[in-house]
Amino acid sequence: MPTSPSEPTAPTDLAVVGAGPAGLAAAVAAADLGLRVTLLDAGERPGGQFYRHPAPGLGARRPEALHHGWRAFAGRVHRLRDHQRHGRVTHLTAHHVWTVVRDPDGWRLHAVAGPEETPATVRAAAVLLATGAYERQLPFPGWTLPGVVGAGGAQAMLKSGLVLPGKRIVVAGSGPLLPAVAGSLAAAGARVPAVVEAASYTGYAREVPSLVRNPGKLVEGAVHGGGLLRHSVRLLTRHAVTAAHGKDRVEAVTVSRLDRDWRPVPGTGRRIPCDALAVGHGLVPQLELGTGLGCATRRTPDGTLALELDGDQRTSVPGVWAAGEAGGIGGAELALTEGELAAASIAHELRGTPYPRAVAGLARRRARLRAFADAMAAAHRPGPGWTGWLDDATDVCRCEEVPAGSIREAVAELGARDARTVKLLTRAGMGWCQGRMCGQAVACLAGEEPAADRRPLSCPVPLKHLAELPPPAEAGAED
Amino acid sequence: MSPDPSPQALVRAEPEASFEVTFDGRPLTALPGQSLAAALWAAGILAWRTTRGSGAPRGAFCGIGACYDCLLTVNGRPNQRACLVPARPGDILTTQEGTGHADLAV
């Protein structure tokens, strides 16, 4: 038997990919139910992007000041550490899982670990994907200027590094993240002249039933609204940043009024001086590992794709569950709930463990929160007219510097009908990020709905790790 | 009286001893646990790379390792995502031009 750094350890019951709210809740709940769990996460500390917090060296005495629902997190981390001490949970930090493959005993997860990109392999009877999401970006002239950052990116850098991209930061885009980002940037000392929201909140009026069934979410919204008032932040709805200006960094943005379809209304543009812009149009579920396994997907009300899940959080592939944003953007409370539901289902399936009594309540909470998430997704779905704020010279693909004009040419003159053909003709989406930043926009310009992420490797992998993989015949010895 | 609002004041941070790194020969102060991107932002630096097509300046964008805009040469090793790599005392950071492999003439 050859010994290599990628020699897998003894198989575990459950491998959880991602230690954000969903994965953390699932790992802890599954260990409570007696399963042996390996929790793999790309981060150094549990929490994912939502509960991202400073490293111990930064000595934050009140990390909760940047968070909502910190107690739910702190309690689970306490339980996680307890399970680790008793050998029930193995927490592998800085492990980026790049593929999951079948194994005679279940599954084999391949990861690269740490800055040295050491190969690591975990075997497990069941897999739970809690891979979260990244931010949806819609390009506009000037969005590649330094000082233009993702809204979630600004939030992430603030939460983990205690830094701001500037002193006067416009927050723009669409979705419920924006008021939260603006509130924390302002509380941390930035001036936020405006929150620019492309949707109109009247979209929520159609969703009154799901709103009144979620009083907690209304309170959350009121808290963020109150924070904006306290810091004199102006909220402009049905407006968008249609250009960022500056030479070596952003110095001002143009904010335009939008019509119902998100088309900029001519003559309404006005300039707001700023030294940073935090921008994002909601979140996109991160699906590579699931689609790589052949898991079915569904179209969500904001136009993205999510994994199709049953009432027990099962994907369409037996032995693979998912929880949190990978099954549709819904926020941390829903992710925590889904993680616990998935754990109960997995313990039942692997060991026949009876479902805990709390499961009925969890299922009701999930249905209520999912309905609210769907209502919000519909309200913030980008209108087709957003492409009207792109001029031909605007780079759509940041990595390969492919301008909108080339993509339009590929569609209008070279006959491209989908994002894949546009990619082959223009190299849009073929750079470092593999289309994570431009994929949604390119699909839209090509005239199709965005397709599911299909990337055979979910992160860069040294070639020698691929060469060291066992041949498929060995992995699938039962065949 | 409460201190001026700042990220550190907000979470009542009492960081361990700071240390020095250099960016294109200029000394910067970093705090333990900060990423390289955070240390650069703290010094007011938002761009540390030029693109290989138009040579345009870039820095951190997504902040979570997804966009690869924040690529940086760290201690001579190019293509490091500055938002993911923790700062270490004495790190030598240099602006990354193009692919970062100019010395290979590829």
Side-chain angles (χ1 to χ4, degrees), chain A residues 42 44 49 52-66 96 115 134-135 137 143-150 152-158 160-166 184 186-190 248-250 275-276 286 395 398-401 431-434 436-437 459-460, chain B residues 3-19 30-49 51-71 74 77 79-81 83-88 99:
Chain A
E44 297 279 352
Q49 300 308 335
R52 205 167 146 121
H53 54 283
L58 283 163
R61 300 283 167 263
R62 254 182 95 234
E64 66 273 23
L66 280 165
H96 200 135
Y134 51 88
E135 201 158 31
Q137 294 295 343
W143 78 305
T144 52
L145 273 176
V148 178
V149 302
Q155 179 90 317
M157 294 281 287
L158 172 58
S160 62
L162 303 180
V163 288
L164 297 169
S184 39
D248 296 322
R249 62 173 295 169
V250 62
D275 60 1
Q286 186 148 327
D395 278 338
R398 298 173 69 92
C399 303
E400 293 293 313
E401 301 182 277
W432 273 103
C433 87
Q434 286 292 291
R436 284 178 181 85
M437 293 300 113
C459 70
Chain B
D4 286 344
S6 75
Q8 288 193 39
L10 180 63
V11 298
R12 286 203 213 121
E14 294 167 22
E16 291 166 15
S18 64
F19 53 82
L31 293 171
Q34 275 182 330
S35 67
L36 292 169
L40 287 159
W41 276 22
I45 298 167
L46 289 178
W48 49 81
R49 168 171 97 89
T51 60
R52 70 197 155 99
S54 64
R58 294 280 175 87
F61 182 68
C62 80
I64 64 168
C67 78
Y68 293 82
D69 251 341
C70 66
L71 296 177
V74 183
R77 192 174 168 202
N79 296 315
Q80 302 301 298
R81 284 178 278 176
C83 74
L84 296 185
V85 180
R88 308 223 181 274
T99 60

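Remember, predicted model here, so these are calculated numbers, not experimental data.
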Contact part of B:Leu40 toward chain A, heavy-atom cut-off under 4.5 Å: side chain, backbone, both or neither? neither
Among B:Gly53, B:Ala47, B:Pro86, B:Gly59, who wins on heavy-atom pairs under 4.5 Å with chain A? B:Gly53
Within residues 57-68 of chain B or reaching into it, pairs that qualify as salt bridge (charged side-chain N to carboxylate O under 4.0 Å, His left out) - sequence neighbours excluded: B:Arg58-B:Asp69
One option among B:Leu84, B:Val85, B:Asn79 has the most heavy-atom pairs under 4.5 Å with chain A, and it is B:Asn79
Counting heavy-atom pairs under 4.5 angstrom with chain B, the leader among A:Met157, A:Met437, A:Arg436 is A:Met157
Among B:Glu16, B:Arg52, B:Arg81, which has the most heavy-atom pairs under 4.5 Å with chain A? B:Glu16
May I ask you to decide if the ring planes of A:Trp143 and B:Phe61 are parallel, tilted or perpendicular, using 30° and 60° as cut-offs? perpendicular
What residue in B:Ala42, B:Ser18, B:Pro32 has the most heavy-atom pairs under 4.5 Å with chain A? B:Pro32
Heavy-atom contact with chain B under 4.5 Å, split by part of A:Ala156: side chain
Pair up each side-chain donor or acceptor in residues 58-65 of chain A with any protein partner under 3.5 Å, not counting sequence neighbours, and list the distances.
unit_1: A:Arg61; atom_1: NE; unit_2: B:Glu14; atom_2: OE1; d: 3.3
unit_1: A:Arg61; atom_1: NH1; unit_2: A:Gly59; atom_2: O; d: 3.3
unit_1: A:Arg61; atom_1: NH2; unit_2: B:Glu14; atom_2: OE1; d: 3.3
unit_1: A:Arg62; atom_1: NH1; unit_2: B:Leu10; atom_2: O; d: 3.1

Which one, B:Ala37, B:Cys67, B:Gly33, B:Ser35, leads in non-hydrogen pairs under 4.5 Å with chain A? B:Cys67
Structural part of A:Gln286 lying under 4.5 Å from a heavy atom of chain B: neither
Which portion of B:Ala17 sits near chain A, non-hydrogen atoms under 4.5 angstrom: neither
A:Gln155 portion near chain B, given a 4.5 angstrom heavy-atom threshold: neither
Report which part of B:Arg77 has an atom under 4.5 Å of a heavy atom belonging to chain A: side chain, backbone, both, or neither. side chain
Please check: side-chain N/O of A:Glu401 versus main-chain N/O of B:Thr51, any donor-acceptor pairing under 3.5 Å? no
